[in-house]
Amino acid sequence: MADITHWADVIADEVLEKGKRHLVATGITPSGHIHIGNMREVVTADVAYRALVDKGAEAEFIYIADTYDPLRKVYPFLDESYEEHVGKPLSEIPCPCGKHDDYAEHFLEPFLAALDHLGIHPRVYRADELYKDGAYVEAIKQSLVRKDEIAAILKKRSGKTPASTWSPFNPICNKCGKVNTTVVTGFDIDSETVDYECSCGDSGTVPMKGGGKLTWRVDWPARWKALGVTVEPFGKDHASRGGSYDTGQAIAKEIFGYEAPHPIIYEWIMLGKKGAMSSSTGVVVSISDMLKVVPPEVLRYLIIRTKPEKHIRFDPALPLLTLVDEFERLHSSDKATSYDKRMIELSHAAGLCHTDIPFKHMTTIYQVAAGDFDRIMNIVKRAGYDTSNEKCIRELVDNVGNWLEMYAPDNARFSVQEELPVSTATLNDLQRAFLKSFSQILDKSGEMSGEDYHNLVYSAKETDSEMNRMMADSMGVSTEELEVKPKDLFKAIYISVLGQSSGPKAGWFLSSLEKDFIVKRFREAAEYRP
RNA sequence: GGGCUCGUAGCUCAGUCAGGCAGAGCGUCUGGCUUUUAACCAGACGGCCUAGGGUUCAAAUCCCUACGAGCCCGCCA
């Protein structure tokens, strides 16, 4: 089989045939909690951008927040008092929590933080600022002048006839502040103003600069031209014939004289077994929820490994652990193909921190330490991991803690019992003799590694070992009579420490506990008589 | 009704653009590792590539049709 080229590189090659300078754009409307589908868009854009840069293109990456879009309705998470704001641009509505400058910023701020977390650093534009700075004025003029042509394009492509009062430009009413209740009654190209009537009864004049916005289907192509967008990913919803890319393409070419950007169409992300993610059906995982449990690199990997046009199935329970494992294995594998390496490279991105501690190991460490960060660090240090980047480790610890709490299946959970578990009563004489001997040997020895612990357990069945002799003595039998099954010994360890009959790999597990604790616990367990 | 995308092992998916022996990981099973596993190593099992036609020396791959899944054609990104 020929070498497989990663889709991002395929896209970059296609795009490079059109030219060497590129502007990769992405954008969404911060009207509510920004969900995971949007994350795919941004990661997709970032990867395309990186692939372009890697191939020597002069590329830039921008993110446009559609802060000037009107609020469509009072969403379930909003207070009823927002009724009066429906129809106003998001940037002109008060913040729901009062801590941000405006409504748009309230949802934008955590999203931008998430982007940073993922190692994605586009230049950020806010649509309201672009409008207020006059970036759209030229496009607004052209659109108003050639309104009928645009309407004809919309009709031809989408089959829908725009209303007679339709205008590509929606003024913001001076009185009620709404942008979707006004009708254009005239305009003046020289003074750059637009006249309107509003359903609230007001009428007046607004400047083209910051006095209103272009309707979406015109706004998009206008933006391409104004900013020079050449590559843009968008959801498949825009992609069909008669959709906004289709009309945008025509408007860009025929009205603004601009070639539409290279499209990257992506599919939705499905959640577990519940189906497509959609806000209307309530099947939603917000980005912040996602980042609570998934290390950023793995989230990137999840998106990067699948071609944009295929849907992604995301299951935050055990399959997540598999995904993390797969990523980490690929990361350290010497069998990785060039394709694998490329995926790892793209998952990495600048600005992400990485620790060499496997996620799965951390699930054990975390539970051994009962989530206490100082104790976790001690264990990590003892296990010989790199602890220089405490911030990264803390991120991993947070992910693991949240995962255990929110999604982990029961068999992945355990807790070291503070007190001797009552189930210790079920231990038999051999198991007690083992724990007693183990405790004594450990008491007089130095620090032991996971492997030391492992070997010590197995030494119990060797007739010439110290452990074997001590157990025989303790039980009052000869070493020949002693019949040891390691399985029972491991069971004794788990029961006395966790109160359950199985647990994480024992040697390694014991080495992450305090030695003194083990000595004491095993002695107590050996002596315990109900 | 019209359009777009997808359909490959039990699961998640590569491979389709550029036709050339049907692939990976996970799971399962077997064996091994000083027989604990949720760790590691080796191997095995696992397929009508959704179905039916067509083109071709040769089709998972290209063309047509059907079926299934998701989405769009509402100024809703």
Side-chain angles (χ1 to χ4, degrees), chain A residues 1-2 4-7 10 13-14 26-32 34-35 37-38 41 64 66 69-70 72-73 154 157-160 162-163 166-168 170 180 213-220 234-247 265-268 270 273 275-276 278-280 302 305-315 318-319 321-323 325-327 329-330 333 335 337 339-340 343 358 360-361 363-364 408-409 411-414 450 454-455 457-462 465 485-494 501-509:
Chain A
M1 196 191 302
I4 303 160
T5 311
H6 191 267
W7 57 262
V10 173
D13 285 336
E14 285 169 8
T26 172
I28 51 164
T29 305
S31 58
I34 296 170
H35 66 78
N38 300 305
E41 166 156 336
I64 301 144
D66 283 313
D69 283 9
R72 300 287 166 194
K73 61 174 184 176
L154 291 178
R157 296 274 179 151
S158 71
K160 171 93 179 172
W166 180 85
S167 170
N170 298 126
N180 59 355
K213 79 178 287 291
L214 292 165
T215 185
W216 163 245
R217 282 183 184 248
V218 182
D219 178 291
W220 204 18
F234 48 88
K236 62 174 180 179
D237 49 347
H238 291 307
S240 61
R241 184 158 303 170
S244 50
Y245 181 75
D246 194 37
T247 54
I265 300 158
Y266 60 84
E267 252 282 357
W268 307 133
M270 325 275 276
K273 296 161 191 71
S278 148
S279 41
S280 57
L302 172 75
R305 72 206 270 259
T306 309
K307 290 190 296 186
E309 64 267 29
K310 304 260 281 193
H311 68 238
I312 290 175
R313 200 173 293 278
F314 176 74
D315 188 332
L318 217 48
L321 211 55
T322 305
L323 180 74
D325 265 2
E326 185 183 321
F327 176 77
R329 189 169 309 173
L330 214 53
S333 171
K335 283 190 290 191
T337 62
Y339 177 71
D340 293 334
M343 274 202 293
K360 208 179 248 184
H361 275 192
T363 63
T364 302
N411 67 353
R413 292 192 175 116
F414 66 84
H454 182 81
N455 290 335
V457 176
Y458 279 106
S459 73
K461 70 171 202 172
E462 288 166 14
S465 72
K485 284 198 224 113
K487 191 168 193 154
D488 294 332
L489 307 184
F490 283 110
K491 202 167 170 183
I493 292 171
Y494 295 128
S501 60
S502 66
K505 195 166 172 69
W508 188 83
F509 170 56

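Per chain, numbering begins at 1; letters A, B, ... match sequence-line order. In what follows, every heavy atom counts, from backbone to side chain, and hydrogens, waters and symmetry copies are set aside.
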For A:Arg157, answer base if it contacts any base atom (sugar-phosphate contacts may also be present), sugar-phosphate if it contacts only those atoms, and nothing otherwise; contact means non-hydrogen atoms under 4.0 Å. nothing
Both distances below 3.5 Å, Watson-Crick or wobble geometry, any strand: find the nucleotide opposite B:rU36. none
Rounded C1' spacing from B:rC13 to B:rC6 in Å: 13 Å
Contact class for A:Thr363 (heavy atom, under 4.0 Å): base, sugar-phosphate, or nothing? nothing
Using modelled atom types and a 3.5 Å cut-off, is there a donor and acceptor pairing between side-chain atoms of A:Arg217 and backbone atoms of A:Gly243? yes
Could you measure between the two C1' atoms, the one in B:rC75 and the one in B:rU55, and give it in whole Å? 45 Å
Which base, if any, makes a Watson-Crick or G-U wobble pair with B:rC57, both distances under 3.5 Å? B:rG20
On the side chain of A:Asp66, is there an atom forming a donor-acceptor pair with the base of B:rA77 - under 3.5 Å, no angle test? no
5'-most by nearest nucleotide on RNA chain B - A:Arg305 or A:Phe414: A:Arg305
Would you indicate what A:Trp166 reaches in the nucleic acid, counting non-hydrogen atoms under 4.0 angstrom: base, sugar-phosphate, or nothing? base
Donor-acceptor pair, A:Arg305 side chain versus A:Met343 backbone, under 3.5 Å? no
So A:Ile493 and A:Val457, do their side chains get closer than 4.5 Å, heavy atoms only? yes
Using atom C1' of each nucleotide, how far apart are B:rU50 and B:rU61 to the nearest Å? 16 Å
Tell me which nucleotide, if any, is Watson-Crick or G-U wobble paired with B:rU5 when both distances must be under 3.5 Å. B:rA69
When we call it a touch if two heavy atoms are under 4.0 Å apart, what does A:Asp69 touch: a base, just sugar-phosphate, or nothing? sugar-phosphate
I'd like the C1' distance from B:rG31 over to B:rG20, given in whole Å. 37 Å
Between A:Trp220 and A:Trp216, what is the ring plane arrangement, given parallel below 30°, perpendicular above 60°, and tilted in between? parallel
Any side-chain N or O of A:Trp216 below 4.0 angstrom from OP1/OP2 of B:rA77? yes
Is any side-chain heavy atom of A:Ile312 closer than 4.5 Å to a side-chain heavy atom of A:Leu302? yes
Between A:Thr322 and A:Ala239, just flag the one whose closest nucleotide in RNA chain B comes earlier from the 5' side. A:Ala239
Using the C1' atom in both, what is the distance from B:rC40 to B:rC21, to the nearest Å? 33 Å
Do any N or O atoms of the protein come closer than 3.5 Å to N or O atoms of nucleotides 5-9 of chain B, and which pairs are they?
from, atom 1, to, atom 2, distance (Å)
B:rU5, O2', A:Glu309, O, 3.1
B:rG7, OP1, A:Lys310, NZ, 2.9

Could you give me the CA-CA distance, side-chain angles and deciding distance for A:Glu41 and A:Tyr266, then say whether side-chain hydrogen bond (donor to acceptor under 3.5 Å, both in side chains) is met? CA-CA 7 Å; A:Glu41 166 156 336; A:Tyr266 60 84; 2.5 Å; yes
N-O pairing of A:Glu267 and A:Lys310 below 4.0 Å: no
Hey, can you tell me if A:Phe509 and A:Phe414 have their rings parallel, tilted or perpendicular (30° and 60° cut-offs)? perpendicular
At under 4.0 Å between heavy atoms, what does A:Tyr494 touch on the DNA or RNA strands: base, sugar-phosphate, or nothing? base
Going by purine N1 to pyrimidine N3 plus the second Watson-Crick contact, or the G-U wobble pair, all under 3.5 Å, which nucleotide sits opposite B:rG25? B:rC11
Would you classify A:Lys360 as touching base, sugar-phosphate or nothing, given that sugar-phosphate means primed atoms plus P, OP1 and OP2, and contacts are heavy atoms under 4.0 Å? sugar-phosphate
Please state the P separation for the pair B:rG70 and B:rG23 - nearest whole angstrom. 32 Å
In the structure shown, which nucleotide is the Watson-Crick or G-U wobble counterpart of B:rC49, with both distances under 3.5 Å? none
